Amino acid sequence: MKPFTKNVIQIIKQIPEGNVMTYGQIAKAAGSPRGARQVARILHSMSQKYDLPWHRVINAKGQIAIKDDEGFFSQKLMLQDEGVDVSEAGKVDLEVYLYWPDPLFDEEI
DNA sequence: TTAGTGACAGGCA
DNA sequence: CTGCCTGCCACTA
């Protein structure tokens with residue numbers, strides 16, 4: 001397994017309940033700043049085998065980026081079940097629920 | 001090998 | 001805030 005894939009899996013498993021992360025964030029943290037799409041691919045293919053909280057991963061616009069209606073609804077439902085406020089269109093307030101693993105970010109605000 | 005595709009991101013209208 | 005366009009990179013036909 002590639003180190004990037006391994007890192008992505010590790011990072012996603014660290015997202016606390018009630019929080020979310022964006023694909024770009026994860027890609028950057030995993031060592032590939034331009035690999036957002038690969039993160040999405042990994043989620044799609046590995047989530048079922050590695051028991052990953054894939055529903056806590058959304059796009060940079062704060063919206064559920066799933067095209068399949070069934071998957072879209074599932075993600076929305078699971079997030080709401082964790083206490084995350086999700087709008088009708090599947091939009092999440094990143095200012096409130098975004099999980100930032102780097103502590104330096106807080107000091108720069 | 002080239003072309004098309006996608007659970008993305010960032011810039012711009 | 002939303003929609004469209006371009007850049008990205010791995011995978012598939």
Side-chain angles (χ1 to χ4, degrees):
Chain A
M1 180 183 291
K2 292 184 178 182
F4 176 68
T5 303
K6 187 178 178 182
N7 290 333
V8 170
I9 292 175
Q10 290 300 315
I11 293 169
I12 293 175
K13 292 181 73 171
Q14 288 176 32
I15 304 175
E17 197 175 294
N19 283 89
V20 298
M21 277 186 82
T22 71
Y23 293 91
Q25 229 183 319
I26 294 170
K28 184 180 177 182
S32 182
R34 309 301 177 201
R37 311 198 75 151
Q38 285 57 263
V39 172
R41 181 173 293 287
I42 291 171
L43 244 60
H44 187 63
S45 61
M46 313 292 259
S47 61
Q48 300 176 359
K49 302 174 184 175
Y50 290 81
D51 188 40
L52 301 175
W54 59 272
H55 55 283
R56 293 177 193 156
V57 183
I58 58 181
N59 64 23
K61 296 178 179 61
Q63 297 178 279
I64 293 175
I66 217 174
K67 292 183 177 178
D68 178 53
D69 291 330
E70 197 174 303
F72 184 93
F73 184 71
S74 296
Q75 178 166 16
K76 180 178 159 188
L77 201 63
M78 284 190 277
L79 286 175
Q80 294 180 323
D81 192 55
E82 293 186 353
V84 177
D85 184 49
V86 184
S87 75
E88 203 64 33
K91 187 162 39 178
V92 175
D93 190 345
L94 293 180
E95 293 292 329
V96 179
Y97 303 105
L98 182 63
Y99 173 58
W100 205 270
D102 184 6
L104 290 176
F105 184 76
D106 289 322
E107 299 177 38
E108 301 197 10
I109 292 181

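To find a chain, count down the sequence lines: A is the first, B the second, and so on, and within it residues start at 1. Values in this document were obtained by computation on a predicted structure and should not be read as measured data.
Considering all non-hydrogen atoms of both residues, A:Gln75 and A:Arg56 come closest at NE2-N, 4.5 Å. Across every non-hydrogen atom of A:Ala36 and A:Ala27, the tightest pair is N-CB, 3.6 Å.
As judged by a 4.0 angstrom heavy-atom cut-off over every strand, A:Arg34 is placed among residues touching the sugar-phosphate backbone only. Residue contacts shown for A:Gly24 are limited to sugar-phosphate atoms, with no base heavy atom under 4.0 Å away. Here A:Ser32 lies out of heavy-atom contact (under 4.0 Å) with every strand.
The listed nucleotides are B:dA7, B:dC8, C:dC9; the one nearest the side chain of A:Ile66 is B:dA7. Checking B:dG10, C:dC9, B:dG6 against every side-chain atom of A:Lys61, the shortest atom distance belongs to B:dG10. Listed nucleotides: C:dC9, C:dT2, B:dA9. Nearest to the side chain of A:Lys91: C:dT2. Distances were taken from every side-chain heavy atom of A:Arg41 (C-beta onward) to each of C:dC8, B:dA7, C:dA10; the shortest belongs to C:dA10.
For the pair A:Ile42 CD1 and C:dC8 P, the interatomic distance rounds to 19 Å; values are reported in whole Å. Rounded to whole Å, the distance from NE2 on A:His44 to P on C:dA10 is 18 Å. Summarising the geometry, the separation between CG on A:Asp69 and C1' on B:dA7 is reported as 13 Å, rounded to the nearest angstrom. For the pair A:Asp68 CG and B:dG6 C1', the interatomic distance rounds to 14 Å; values are reported in whole Å. Between the P atom of C:dT12 and the CD atom of A:Gln38 lies a distance of 13 Å, rounded to the nearest Å. Here C:dA10 presents its P atom at 16 Å from CE of A:Met1, a figure rounded to the nearest Å. To the nearest angstrom, P of B:dG6 lies 17 Å from CG of A:Leu43. Remark: C1' of C:dC9 and CZ of A:Phe4 are 10 Å apart, rounded to the nearest angstrom.
B:dT5 and C:dA10 make up a base pair, with Watson-Crick or G-U wobble contacts both under 3.5 Å.
In terms of phosphate contacts, A:Lys2 brings no side-chain nitrogen or oxygen within less than 4.0 Å of OP1 or OP2 of C:dA10.
To the nearest 0.5 Å, the span separating NZ on A:Lys6 from CD1 on A:Ile11 amounts to 12.5 Å.
A distance-only check finds a donor-acceptor pair linking the side chain of A:Asn7 to the backbone of A:Pro3 [under 3.5 Å].
With sequence neighbours left out, the side chain to side chain contact (heavy atoms under 4.5 Å, CB included) criterion links A:Phe4 to A:Val8, A:Ala30, A:Ser32, A:Gln38, A:Val39, A:Ile42.
Taking only distance into account, the side chain of A:Tyr23 meets the base of B:dA7 through a donor-acceptor pair shorter than 3.5 Å.
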